[in-house]
There are 2 protein chains.
Amino acid sequence: MQIDGEDRLSIDDVRGRAPKMSDGPLDYGLLNDRTGFAIKLAWILGYSLLQKVFGDSGITPLRASMLELIATNPGAQQTQLANALGLSRPAATLAIDFWEARDCVERRIAPDDRRSFGIFLTAAGHERVTELRALIKQADDALVADLTAEELAELRRLLAKIHR
Amino acid sequence: MQIDGEDRLSIDDVRGRAPKMSDGPLDYGLLNDRTGFAIKLAWILGYSLLQKVFGDSGITPLRASMLELIATNPGAQQTQLANALGLSRPAATLAIDFWEARDCVERRIAPDDRRSFGIFLTAAGHERVTELRALIKQADDALVADLTAEELAELRRLLAKIHR
DNA sequence: TATTGTTATACTCTATAACTATA
DNA sequence: TATAGTTATAGAGTATAACAATA
């Protein structure tokens with residue numbers, strides 16, 4: 001699961017997972033000129049980089065996001081976590097089950113409302129989050145490695161104009 | 001399937017489909033500062049806009065991309081189409097089946113190699129592609145409506161530095 | 001009667017493997 | 001023996017609906 005320091009992660013490691021608009025036998029036509037298609041290609045590469053750093057650990061981008069969210073919001077309810085990640089409640093249950101089975105989170109019955117849980121990181125969970133943050137940073141850095149600091153800031157600003 | 005001229009499509013119509021990093025009870029922590037997460041949010045919105053313009057027609061972004069690709073590359077083999085969209089051959093078969101069932105494409109046995117087909121648009125397919133292109137353009141325009149022309153060009157340039 | 005979370009179920013998407021027919 | 005395409009099958013992921021406990 002750890003990436004060796006000597007072979008740095010590169011976006012070139014996952015280029016093959018996304019089709020390339022430029023060099024292929026086929027012409028993408030209108031798709032060539034659609035921002036949505038460019039975003040999709042970038043997303044595939046980012047997702048592939050995450051899959052690569054997570055390896056065969058069973059961790060997925062979604063599960064990692066869930067753990068990060070729990071770490072940042074100790075005691076959050078499952079419904080809140082589901083909403084924050086755009087998930088149904090059953091899907092959130094499963095993601096939390098995954099981490100609970102690995103002793104990384106625990107469900108504590110809320111003292112004021114015994115229908116709901118507050119979700120908290122365990123000691124092992126804190127360690128795991130630290131590792132995961134490093135891996136996520138590696139993948140994200142590899143994704144934008146070809147951009148200067150100024151370009152990256154501008155890309156983030158422009159993306160935020162879309163999703164904010 | 002046609003969007004009425006009087007109610008213009010807006011990204012605000014699908015905002016609810018992607019979680020918002022800014023206004024919610026939870027803090028996204030590290031995710032807040034990851035380009036990959038911003039790309040994912042933008043991708044969800046773009047995908048949702050496409051779903052909205054396609055309505056309940058059964059057309060999906062993937063199927064629309066397939067038809068566009070066939071229109072731009074008449075006579076392409078299924079394997080080429082699959083590769084260009086990052087699909088397995090069975091998945092490409094299904095997407096082409098969808099359009100064939102709607103009389104929009106036809107498989108013509110290649111005269112030189114009778115194992116393979118060339119895929120071609122029918123007359124109905126040409127009409128459908130024209131409609132679809134207008135819908136895709138609507139969705140894409142709505143996605144980037146908040147950007148100036150200069151900002152859009154810069155966004156496309158920066159995304160291309162990632163996916164190219 | 002409404003809400004939190006779980007379980008049961010079904011659906012969509014996709015891939016791998018096995019098959020047919022050509023080469 | 002290899003390749004193009006199809007069919008069969010299975011897995012992952014997700015959602016909706018039904019359910020239990022609590023409010």
Side-chain angles (χ1 to χ4, degrees), chain A residues 16-19 25-26 40 43-44 47-48 50-51 54-66 70 75-101 105-120, chain B residues 16-19 25-26 40 43-44 47-48 50-51 54 56-66 70 73 75-101 105-120:
Chain A
R17 305 236 218 148
L26 264 38
K40 177 181 173 162
W43 177 77
I44 291 174
Y47 198 90
S48 298
L50 285 173
Q51 286 183 320
F54 294 147
D56 60 357
S57 62
I59 300 170
T60 62
L62 171 67
R63 287 167 176 161
S65 300
M66 178 61 86
I70 293 168
Q77 285 185 22
Q78 294 194 195
T79 302
Q80 291 181 308
L81 294 168
N83 290 340
L85 291 176
L87 296 174
S88 64
R89 264 165 290 204
T93 295
L94 263 29
I96 293 164
D97 285 350
F98 175 88
W99 289 117
E100 192 180 48
V105 307
E106 58 181 4
R107 292 167 155 103
R108 294 189 203 154
I109 292 177
D112 51 319
D113 182 346
R114 289 167 52 207
R115 289 173 303 184
S116 68
F117 299 111
I119 314 294
F120 293 87
Chain B
R17 304 235 218 150
L26 263 39
K40 178 182 173 163
W43 176 78
I44 292 173
Y47 197 90
S48 299
L50 285 173
Q51 286 184 320
F54 295 146
D56 60 357
S57 62
I59 300 171
T60 62
L62 171 66
R63 287 168 176 162
S65 301
M66 178 60 85
I70 292 168
N73 303 275
Q77 285 185 20
Q78 293 194 195
T79 303
Q80 291 180 306
L81 295 168
N83 290 340
L85 291 177
L87 296 175
S88 64
R89 263 165 291 204
T93 294
L94 261 29
I96 294 165
D97 284 351
F98 175 87
W99 289 117
E100 192 181 48
V105 307
E106 56 182 4
R107 292 168 155 103
R108 295 188 204 156
I109 293 178
D112 52 317
D113 182 345
R114 289 166 53 208
R115 289 172 304 185
S116 68
F117 300 111
I119 314 294
F120 293 87

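These numbers were taken from a predicted model, which means no experiment stands behind them.
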Exercise. Over how many whole Å does the gap from B/Leu87 atom CG to C/dT12 atom C1' extend?
Worked result: 14 Å

For this session: With sequence neighbours left out, write down each residue that passes side chain to side chain donor-acceptor pair (under 3.5 Å) with B/Arg17, or none if nothing qualifies.
Result: B/Gln51

Seminar exercise, completed: When rounded to whole Å, the CZ to P distance for the pair A/Arg17 and C/dT14 reads 16 Å

Problem set entry | By side-chain contact (heavy atoms from CB on, under 4.5 Å) - contacts of A/Gln78 (at least two apart) | A/Thr93, A/Ile96, A/Arg107, A/Phe117, A/Ile119

Seminar exercise, completed: Heavy atoms of B/Phe54 and B/Ala64 approach each other most closely as CZ-CB, 3.6 Å

Exercise. Start at the 5' end of DNA chain D and walk down; is the nucleotide closest to A/Asp112 or to A/Leu62 reached first?
Worked result: A/Leu62

Problem set entry | Which residues share a side chain to side chain donor-acceptor pair (under 3.5 Å) with A/Arg114, sequence neighbours left out | none

For this session: Can you sort out the partners of B/Arg89 under side chain to side chain donor-acceptor pair (under 3.5 Å), two or more places apart, ordered by chain and number?
Result: none

For this session: Round to a whole Å and report the spacing from CD of A/Gln51 to P of C/dA15.
Result: 12 Å

Seminar exercise, completed: By side-chain contact (heavy atoms from CB on, under 4.5 Å), A/Ala95 pairs with (sequence neighbours left out) A/Met66

Report, one pair per line, the protein and nucleotides 2-6 of chain D atoms (nitrogen or oxygen only) whose separation is under 3.5 Å.
residue, atom, partner, partner atom, Å
D/dT3, O4', B/Arg115, NH1, 3.3
D/dT3, O2, B/Arg115, NH1, 2.8
D/dA4, OP2, B/Arg89, NH1, 3.4
D/dG5, OP1, B/Gln78, N, 3.2
D/dG5, OP1, B/Phe117, N, 3.3
D/dG5, OP2, B/Thr79, N, 2.9
D/dG5, OP2, B/Thr79, OG1, 2.5
D/dT6, OP1, B/Arg107, NE, 3.0
D/dT6, OP1, B/Arg107, NH2, 3.1
D/dT6, OP2, B/Gln78, OE1, 3.4
D/dT6, OP2, B/Gln78, NE2, 2.7
D/dT6, OP2, B/Thr93, OG1, 2.6
D/dT6, OP2, B/Arg107, NH2, 3.4

